[in-house]
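Throughout, residue positions are numbered sequentially from 1 according to the sequence presented.
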Amino acid sequence: MLKKLMTSCFFATVVLSAIADDSTFVFSYAGDDYEIWGKGKSEIYDAAIRIQDPSLVGKKITALRAVINAYEDIEDTSLWLSKELTLEKVGSVKVTVPDVCSFEVSPEKISLPGSDDSYGQLSATLPDPYVITEEGIYVGYSLTVPTAEKGMPLSNKQQYPLLLSPCNNPNSLYLRPSKDFLKWMAYNSKLAAAAMIYVTIEGELSEYSVGLTSLASAFAPVDKEFNINAVITTPGAKDVSSIGYTYTIGSNSFERTLEFDSPIPSNFINSTSVDIPISPVSELGEYSLELTINKVNGMDNENSKATASCALTVLPFVPKHRPMLEEFTGTWCGWCTRGFIALENLSELYGDDVVLAAYHDGDAMQAPGFPVGDVKSLGFPSSMLNRGPSVDPYYANSNDDFGMKNAVKASMDIHVPADIQVNAYWGNEDKTVIKIQSTATFFEDKSNAGYKVGYLLINNGLSGKGAGWIQSNYYSTQAAQYDGTGLEILTTWPSKVSGLTFNDVVVETDGLMGVDGAVPSDIAFNIPYASEFSYDIASNSVIQDKDKLYVAAFIINPDGTILNSNKAHVEGFTAVKALESEVREVSEEYFNLSGTRVAAPSQGIFVRVAKMSDGSIRTSKIALP
């Protein structure tokens, strides 16, 4: 269990940039805030961090220090260094056995700025400095909370003997409570926190040092400059105001410089994400891009890990990734009001860049033929983003905020190798038949691809009277609990809400699981695959305002997840042709089936790419005799 302590500052002199002299500094993942942590039991606690940075190789560890919550009523306290986190059985208990050195130390009672409480400190000076190697080193401590005397409870310090500091570095926290973990666990991903361990290191820092951790694979538009996202580290003594870099794409090499708007501070602990400009590539296709950061502030980069590579795909255009969020709800469900709020907020935030679909079950808005399959097992409210795992429609995987907003945005930022376009129009004057045309374009060659195209019909602006339209609301008596959560408005609504207008309601589910044959088994790079679908809504009693009908079309992966999606308003059956007549072609290009642009196509099969006056791109396959 982790309990938050509010502090204004913490050991301002013990930060990474604190240099005691020209050749000594203190390394720590801990920041200014701290939290107490423990399992509430009598057991052995082991905690560690890992130091593994190329800039620290060859430097010497001279002293160790750890700050903990408990300063008394604990036993067997030690500080240690180890190349591996190894457990061995001693008697009936497994204990950590360091393979480099270990020091038995007694906790010292200390006070911390910003707190009236007292805490513990473990410290040790190494008799022989330890030289850091490329393999890295674990730095940790161990303590034991003894069994309480019969009838006596553990103190708060014993229940929560550790102090942790908020941090996102994966090397910042390894834990092993003996009664709960059978082995050591990398635990930063669970707690987003660091062990409060401080390591004194001897050795001069490189002045100009930028490490290149990774490059993100990218899709780029042909003949246009684009950015590659890079994760860099800045462990040098100097803040970084610019980098010089070289890169190769295929057999071509380039050299450029990037000036940052604000210098990136010197920092061993956290990495920084930056967008690195790349010059236009004139030929379609798939490439390997290798990039090296060779200059820092105009000086030679002294970091040995300054090169990374990634896959690059150059396309006629970069498809926009529109996530699809499907929600399962009902007016009888008192907690489903948070799903209602979530979809309304997402629509306002992202508009047509996200496809929203609300399946109502057991109320006046339940679509014909729904539920399809075993959707009730998902629970209410629940949702699927791109048909991934079931998550809460408001929180997503978060505990206390509008996590779905971040989940949708993160999904938007993921490049996908496919685009889907859709238009829909009335097939008759009675507006009982909807005709749908969709085109899926893939930027890959694949045999037995297994893709499908799915469809849904969605209606906005639904409202009504009667029991099936009255939304239950369990938040009406929860004002104190949900203050500051973003759901406060629900606490002002009554327990039974009348007069709501429901949007993004699924009113036809034919096509929900995909249409066979919409995409061929074997697909080719940049070839559009058109398909048609239709809805007969003559007997559909759920639909209300036909001017607020939309069709969602989406590419379904072989594993059932959604690759990309789009939506279109249902237009009048003369409106589509009128709209198309207003758009004119402004340029054309031809590519062979290998993706190479050709100036004048002759005999063979080619892809024609036409740029339109509205900014859209239309592709077609042609065969020349």
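In this view, W184 and T96 satisfy the side-chain hydrogen bond (donor to acceptor under 3.5 Å, both in side chains) rule, not counting sequence neighbours. For T77, the side chain to side chain contact (heavy atoms under 4.5 Å, CB included) partners are I74, P107, L122, L143, not counting sequence neighbours. With sequence neighbours left out, the side chain to side chain contact (heavy atoms under 4.5 Å, CB included) criterion links V95 to I44, V90, V93, V97. The side chain to side chain contact (heavy atoms under 4.5 Å, CB included) test applied to T147 returns S42, not counting sequence neighbours.
In the model, S115 has no side-chain atom that pairs as donor or acceptor with a side-chain atom of D117 under 3.5 Å.
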Return all side-chain donor-acceptor pairs below 3.5 angstrom for residues 123-140, not counting sequence neighbours, or 'none' if the list is empty.
residue: T133; atom: OG1; partner: E135; partner atom: N; Å: 3.4
residue: T133; atom: OG1; partner: E135; partner atom: OE1; Å: 3.0

Indicate every side-chain donor-acceptor pair of residues 407-417 with a distance under 3.5 Å to a residue at least two apart or in another chain.
residue: K409; atom: NZ; partner: D413; partner atom: OD1; Å: 3.0
residue: K409; atom: NZ; partner: D413; partner atom: OD2; Å: 3.0
residue: S411; atom: OG; partner: N386; partner atom: ND2; Å: 2.9

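Panel note: side chain N188, backbone A193; a donor-acceptor pair is recorded below 3.5 Å. Under a 3.5 Å cut-off, the side chain of K157 and the backbone N or O of N69 do form a donor-acceptor pair. Panel note: side chain T233, backbone P235; no donor-acceptor pair is recorded below 3.5 Å. Checking side-chain atoms of T234 against main-chain N and O of V210 turns up no donor-acceptor pair under 3.5 Å.
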* Stepwise, does the side chain to side chain contact (heavy atoms under 4.5 Å, CB included) test hold for V296 with N303? -> CA-CA 10 Å; V296 179; N303 198 297; over 6 Å; no
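To the nearest 0.5 Å, the span separating CZ on R338 from OH on Y475 amounts to 4.0 Å.
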